[in-house]
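These notes are about the structure you will find just below.
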Number of protein chains: 2
Amino acid sequence: MTTLSDVAKKASVSKMTVSRVINHPQQVTPELRKIVEKAMEQLNYHPNSIASALAHNRTNVVKLVILEDIDTTEPYYMNLLFGIAKGLSKKHYAIQLATDRDVGGGDGYIITGGRATDAEWLDQLDKPFVLFGENRYGYDFIDTDNKLGEQLATQYALNKNYQSIVFIGIDEKEPFEYSREAGYINTLQKHNMIPKIFRIQNHSSLAEKLIISNWRKFAPNTCFICASDRIAVGVVRAIQRKNGNIPRDFGVIGFDGVLLDQVSNPKLTTVKQNLFKLGELLAGMILQKIKQDGAQQGEVLIEPELIQSESTRN
Amino acid sequence: MTTLSDVAKKASVSKMTVSRVINHPQQVTPELRKIVEKAMEQLNYHPNSIASALAHNRTNVVKLVILEDIDTTEPYYMNLLFGIAKGLSKKHYAIQLATDRDVGGGDGYIITGGRATDAEWLDQLDKPFVLFGENRYGYDFIDTDNKLGEQLATQYALNKNYQSIVFIGIDEKEPFEYSREAGYINTLQKHNMIPKIFRIQNHSSLAEKLIISNWRKFAPNTCFICASDRIAVGVVRAIQRKNGNIPRDFGVIGFDGVLLDQVSNPKLTTVKQNLFKLGELLAGMILQKIKQDGAQQGEVLIEPELIQSESTRN
DNA sequence: TTGTAAGCGTTATCAG
DNA sequence: CTGATAACGCTTACAA
């Protein structure tokens, strides 16, 4: 393994000059810099991030804290995780997972599944953190643009000439859900239509029951805007059990676009979150926040994409 | 942050004694050990794994290398990952993900999705590694007991008095598939029945097509043993499209037991892999192998569990 | 059994 | 702008 000293020797400079070329290039004269860079290349030098971490009193580890129950974990976490891991690897950071609030050890946290009730806990954390998922307490976060997503979905349903547009939401008093509903409501109001919202927990079987027990309220030519693919899957099943025709008489649009939309039959038209990118951005944000000693990073919303498939008219 | 020196001072011993209490307790007299342990507790001392890593020329990072395409990644990876992460965290190890063969930086590798063609690449790795998934080249691995799993499934189908038992396998020439088929074949032969095996790629839509295009071959009273839940989902759909009655006339048994079995309608009877435990064991194995400087670890098979649900008679 | 000294590879600090 | 030195927290090797 070649070290800073090796490079220094080869370039006939001190270790510090080499270190500076790596971390503060502008503090070194261009000529010296060139020489050092050549030496690094010839020796195929790669900085030892562990040594650097020690000198900085860092761990080079970011903790991913998942506050939701792991059993109900959506498959989309996998994509998120890959994005995060990718983003961290670039900077020689590694990931540790925590599934409870018992954190510690790590330079910062990426926290997902946080609910309003977690605010108190968040406030007493002593390391920088960023959230995956909207919040309205001023914590730094990244999320899909939930509102835009349902705007796209609702507008799409209108374009396909469904007369009645119903929203099946997730029964949680959380910003992501409010945003999704807002996107739906906004778009309907723009067309002078009155919103109809039902809410249930995020399970396909509950969605199925809901639709069946309210079936007479849904005339043909209705499109269901669902706050998740899970719900959409249940809605599809209910319509099929009632012998409704998808997509001719009934449209269904999901949200997430990870696996379930593909497994469903018919495949779901859905609002697809770009979770990989989201993960990468989360990684970038927490690393920057660590580097900047906890400075505020603000909020970032990622545009989702409407994937057109078999559960709506084309 | 309290360090080794702090503890040493408090206990009036040298740093080395403290270090020994942590790493080689038997080299320290019980009395001293007690004193040191008390000091550690009082000061709430936690070893700095980065410093230790530096002294050992280690990174305290294990790479998880996923050789399968991420898009087709089964949701079960999430569970595996959690198990791994949990196992690693206990020993203050962190995870880095790699989705290609471009590894390096890390004390060892956990490799999943490896195929026979990867042998050459594996042989030239210079760090210890263990595989998730059976192989017959002598590489250390951990996997579900695939053979046992399909034995359980097949025997279960027989117990439920399905007359004809058909296997729908994954069309890959890999040990995990051979083992699953062997479990099915074994069990049938024990009852003097002749195996009927179909093979397709692991997609629900292909399974659906397969069953439909061979429909006349499947008399009522048939149970399908499927090599994955994905396939099982497709089989269920095909049977439903042909108006077959599940579970009375047709049984379906899946394999994996992660998400898809629950989302399916009817819910699937399936062979459930304990992926969390598998992940933990993988972590334990690679850590031990690292500690033992690459010593052979052998192979471990984890017992799966047959989950009885709605896609078979009860 | 216990302690001393040196070193792991990097960076901050201060002097030149 | 560049270099010498000490320090980060721990462990190995050797000495007592």
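As the structure is a prediction and not an experimental result, all values here were calculated from the model.
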Round to the nearest Å and state the distance from [X] atom [atom1] to [N] atom [atom2].
X: A/Q27; N: C/dT13; atom1: CD; atom2: P; answer: 12 Å
X: B/R33; N: C/dT2; atom1: CZ; atom2: C1'; answer: 14 Å
X: B/R58; N: C/dG7; atom1: CZ; atom2: P; answer: 22 Å

Looking only at side-chain N and O atoms, does B/T17 come under 4.0 Å of OP1 or OP2 in C/dT1? no
Reading nucleotides 5-16 of chain D from 5' to 3' and marking B where a protein heavy atom lies under 4.0 Å of the base, S where only the sugar-phosphate is that close, and - otherwise, the string is ---BBBBBB---
Is the shortest side-chain heavy-atom distance between A/T144 and A/N274 below 4.5 Å? no
Does any part of the side chain of B/F141, heavy atoms only, come nearer than 4.5 Å to the side chain of B/Y139, both counted from C-beta? no
Atom CZ of B/F255 and atom CG of B/N202: how far apart are they, to the nearest 0.5 Å? 12.0 Å
Measure the spacing between CG of A/L282 and OG1 of A/T112 and express it to the nearest 0.5 Å. 9.0 Å
Under 4.0 Å, counting only non-hydrogen atoms across every strand here, what does A/Q26 touch: a base, just sugar-phosphate, or nothing? sugar-phosphate
Nearest heavy-atom pair of A/I142 and A/L278: which atoms, and what distance? CG2-CD2, 3.5 Å
Could you work out, with side-chain hydrogen bond (donor to acceptor under 3.5 Å, both in side chains) as the rule, every residue matching B/D126, not counting sequence neighbours? none
